[in-house]
There are 4 protein chains.
Amino acid sequence: MASSTPKNPKPQPDRTRRSERSRQAILTAALDLIGESGYQRLTIEAIAARAGVGKQTIYRWWPSKAAVLLDAFVALGEEAADGGTELPDTGDLAADLKAVVRATVDELNSPRFDAPSRALAAESVVNPELCAQFTERVLEPQLELYVRRIRAAQEAGQADPDADPRTALELIVGPLAHRWLLRTLPLTHAYADAVVDLALRGLTPR
Amino acid sequence: MASSTPKNPKPQPDRTRRSERSRQAILTAALDLIGESGYQRLTIEAIAARAGVGKQTIYRWWPSKAAVLLDAFVALGEEAADGGTELPDTGDLAADLKAVVRATVDELNSPRFDAPSRALAAESVVNPELCAQFTERVLEPQLELYVRRIRAAQEAGQADPDADPRTALELIVGPLAHRWLLRTLPLTHAYADAVVDLALRGLTPR
Amino acid sequence: MASSTPKNPKPQPDRTRRSERSRQAILTAALDLIGESGYQRLTIEAIAARAGVGKQTIYRWWPSKAAVLLDAFVALGEEAADGGTELPDTGDLAADLKAVVRATVDELNSPRFDAPSRALAAESVVNPELCAQFTERVLEPQLELYVRRIRAAQEAGQADPDADPRTALELIVGPLAHRWLLRTLPLTHAYADAVVDLALRGLTPR
Amino acid sequence: MASSTPKNPKPQPDRTRRSERSRQAILTAALDLIGESGYQRLTIEAIAARAGVGKQTIYRWWPSKAAVLLDAFVALGEEAADGGTELPDTGDLAADLKAVVRATVDELNSPRFDAPSRALAAESVVNPELCAQFTERVLEPQLELYVRRIRAAQEAGQADPDADPRTALELIVGPLAHRWLLRTLPLTHAYADAVVDLALRGLTPR
DNA sequence: CCATAAACGAGACGGTACGTCTAGTCTTAAG
DNA sequence: CTTAAGACTAGACGTACCGTCTCGTTTATGG
């Protein structure tokens, strides 16, 4: 155990010397380009050219086009700083969920988020490695907030304590994702409200 | 009275002279290849080579790789002949839905359906034209069956007559799609049952 | 030796039922197209389309694009009806040759003849089969006229009886062809005269 | 004072970074392939494959297949190093010309030179741009040697001082080219001698 | 005067090569 | 050593033609 630098086949580059300027330029270029031309036409070459960066600089730090996009999307999310926030808890579960779900609908309908998140979703459907990254870094932290809010409701007696919070959350999030991804019908506040109401009340008559 | 045949600059080929043999070979080759190598490596050239067909024969009849795949998938579905069937109606809505949803889970977990349907879903997320075709030809006919079954349940007094059947259906299908597409957690019969139960009972305690 | 119809692998079609209309249209179309777009862009499909003819009608009667062109060129030549004529014999060899050679220069410089004959020459350089046809049907009959005129001159004592008429003719025709084919310098009447004069007089001082 | 570097829309690549290895491989592959299969079957793809080179590397540096061939042919000529040499001057014009012309005949009859030079000649006949390049880089330097030798002969009193050396040269070279290109009759030393003799002596009896 | 067999127009077919585009790797010069 | 720049090998793209192979439709005798 003498060698202090155990040479891997591909010795990863020295992160301390990485150019922050280039990193920013690449992420910005990726977001700009996907907004302009769509995912199909987003190429590494175009990103490099737009960012004023050598292609190798991208290949050095990211394993794929989708990975660049994921980082770009995370950076976009951090701007909006909605990562750490907790879901509201006013005591009214239905109202709180509707508020959050309406905000999500607005985000999904905003062009700024739509293009990159669609691209990531599409890539994730077909690329398990990226999918794992995407869910871990973006999706699950969001879903965890729902779990906590539902659990609080259960403790407060506003929700059936036997229900699995994870399933409950997916009962709300799943339909929204379905409409958004497959564009079956428009994704509106009214629909968001209807989903929340029905998920809380259930289909069986009371 | 506008002409019903607005002549395009590229006159479409004569469908009556189309080679059924080639059509079959192309669809089969597409399904085989996507099962073997995934969507990313599925190329028109590979399909043509595998099918023993000139590339132009593909370009003549399909506008894109995704369109070939959609046709191949539809053909696959017609094999299984699940297009025209009605959902079972034993009088027990929960049991009927669980049976159907479990079958869907099995289908989504089978390799034969997984690869092509993932590819189509991914492409649809990012390609509105294909998405419209996909939903119209594949998705909506399936969803319509749910609508009818739920409506029957409402008429039989087993389901809340005020609930929108469309929303109710999405409450069940959405979560399955979500887990399948984004692989957040395994897609099992148990999960399918849990979704149906919760969707019927609702999260609010009774 | 009983069979009166020894079936070849490719039984050639019945010439008596050939459509003269189509034949004319094809030759005309070939000449028109080569004049418009050059040999590089002359395609069988374009000829067929322009002539309003099926491709098979061309393939039935000609073995190659170049063969069509050769026939078209021969037809063009027969229009001009210079095939059977004899070279003039006024008793003045130099004057007679200059007259003929000037006429040839004019022909080579006329756009109507230039494009197709260039194409045939180019193809001949690289395609021995066509070359044999071309020389037999077009070139040699012309050259033979020179041989006869020179031989007459030798008999009349106007030309060295020891000289080979064939070599003599090529001394005149070769330089013209050289300039025309390789465009080294302009092909003029003055040049034609100079070639004839020098070929008759010789380079050695008298 | 107009700019001397009028920026083209397609900025030409950086010549200093060109791979000499690839260039050589391409030229060699082109010569090999044309010798094996003829010009008709010489394709850019075949050259690239044989040379172990990407197609783009050919398209980057040459505008057309013919341009590759021209460079390959020039390289072949430079091997033989016959570019800078002067024609021999032993004082006997006839003997000197015959020696040179016989050597040319041998070259034209050698398979190594025949295929590529035929291809270039054929292409030149039909492609003025290539023709200009071909004559400038290959043909004219050769012809200029004849002009100088003939002029020397005129100064030495061995050739008619009134004759135009350019015409005289073409009187010799033209017939050789004619026989070679159109294969009317075999191209032999005897024919070469006969042409030189007749060109010097003239057809008119002395 | 039809019957029939060919040549015909049209164009789909299996292929080959085109010239372009992008991927991902490698090389160079500057810092 | 990282960077911008970009040449490199590799190979898919979508297009254009090739030469072959059906399709009906003329058309032109010959039974």
Side-chain angles (χ1 to χ4, degrees), chain A residues 11 13-19 21-22 25 41-49 51-61 63-65, chain B residues 10-11 13-19 21-22 25 40-49 51-61 63-65, chain C residues 11 13-19 21-23 25 41-49 51-61 63-65, chain D residues 10-11 13-19 21-22 25 41-49 51-61 63-65:
Chain A
D14 181 347
R15 292 169 188 284
T16 65
R17 308 193 53 173
R18 180 167 184 182
S19 158
R21 174 192 231 294
S22 294
R41 289 183 202 162
L42 180 70
T43 67
I44 297 268
E45 300 214 322
I47 297 173
V53 139
K55 286 201 290 175
Q56 199 54 43
T57 302
I58 300 182
Y59 284 110
R60 194 169 4 248
W61 301 110
S64 70
K65 184 173 61 176
Chain B
K10 279 192 184 181
D14 180 348
R15 293 171 190 282
T16 67
R17 307 187 52 183
R18 180 167 185 182
S19 160
R21 172 191 236 295
S22 295
Q40 321 269 28
R41 287 183 202 160
L42 180 69
T43 66
I44 297 269
E45 297 214 323
I47 296 173
V53 138
K55 284 201 288 177
Q56 199 56 48
T57 300
I58 300 182
Y59 287 111
R60 191 167 11 244
W61 301 111
S64 70
K65 185 172 62 176
Chain C
D14 181 347
R15 292 169 188 284
T16 66
R17 308 192 54 173
R18 180 167 186 183
S19 159
R21 173 191 231 295
S22 294
R23 194 182 141 272
R41 288 181 203 166
L42 180 69
T43 68
I44 297 268
E45 298 213 325
I47 296 172
V53 139
K55 285 201 290 176
Q56 199 55 41
T57 302
I58 300 181
Y59 285 110
R60 185 157 28 234
W61 301 110
S64 70
K65 183 173 63 176
Chain D
K10 280 194 183 179
D14 180 346
R15 294 171 188 283
T16 66
R17 306 188 54 182
R18 180 167 186 183
S19 160
R21 171 190 237 294
S22 295
R41 288 182 202 163
L42 180 70
T43 67
I44 298 269
E45 298 212 323
I47 297 173
V53 138
K55 285 200 290 179
Q56 200 55 48
T57 302
I58 300 183
Y59 286 110
R60 184 158 27 235
W61 301 112
S64 70
K65 184 172 64 174

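Reckoned from all heavy atoms, side chains included, excluding hydrogens, waters and symmetry mates.
Each of B/Ala46 and A/Gly52 has a nearest nucleotide on DNA chain F; the 5'-most of these lies closest to A/Gly52. Comparing D/Arg17 and B/Thr57 by the nucleotide of DNA chain E whose heavy atom lies nearest to each, the residue mapping closer to the 5' end is B/Thr57. Take the nearest nucleotide of DNA chain E for D/Ile44 and for C/Ser19: the residue whose nucleotide is more 5' is C/Ser19.
Taking atom CD1 of residue A/Ile58 and atom P of nucleotide F/dG6, one finds them 15 Å apart after rounding to whole Å. Distance C/Asp14 CG to E/dC8 C1': 13 Å, rounded to the nearest Å. Computed from coordinates, the A/Gln56 CD to F/dC8 C1' distance equals 13 Å when rounded to whole Å. If you measure from atom CG of C/Leu42 to atom C1' of F/dA16, you get 14 Å, rounded to the nearest angstrom. Following rounding to the nearest Å, C/Tyr59 (OH) and F/dC21 (C1') show an atom-to-atom distance of 13 Å. Distance D/Arg15 CZ to F/dC8 P: 12 Å, rounded to the nearest Å. The interatomic distance linking C/Arg21 (CZ) with F/dT26 (C1') rounds to 12 Å, in whole Å.
OP1 or OP2 of F/dT3 lies within a sub-4.0 Å distance of a side-chain N or O belonging to A/Trp61. When the side-chain nitrogen and oxygen atoms of D/Ser22 are compared with OP1 and OP2 of F/dA7, none of them lie within a distance under 4.0 Å.
When distances run from any side-chain atom of D/Glu45 to the nucleotides F/dT3, E/dC18, E/dT20, the shortest one goes to E/dC18.
The structure places NZ of A/Lys65 at 7.5 Å from OG1 of A/Thr43, a figure rounded to the nearest 0.5 Å. Atom CH2 of C/Trp61 and atom CZ of C/Arg23 lie 11.0 Å apart (nearest 0.5 Å).
Counting heavy atoms of neighbouring residues, nucleotides and ligands inside a 6.0 Å radius, atom CZ of C/Arg18 exceeds 12 of them.
Counting non-hydrogen atoms under 4.0 angstrom, A/Thr43 reaches the backbone sugars and phosphates but no base. In this structure, A/Arg18 reaches the sugar-phosphate backbone alone: every heavy-atom distance under 4.0 Å involves primed, P, OP1 or OP2 atoms, never a base. Nucleic acid contact for B/Thr16: none, since no nucleic acid atom lies under 4.0 Å from a heavy atom of the residue.
Residue-to-nucleotide contacts include no donor-acceptor pair under 3.5 Å from the side chain of A/Arg60 to the base of F/dT2. Evaluation of atom-type donor-acceptor distances gives no pair under 3.5 Å for the side chain of B/Lys55 against the base of E/dG14.
Proximity of D/Thr57 to D/Arg60: side-chain heavy atoms (C-beta onward) are separated by under 4.5 Å at one or more points.
Taking both residues in full, the closest heavy atoms of B/Ala51 and B/Ala25 are given as CB-O, 3.5 Å, listed atom of the first, atom of the second, then distance.
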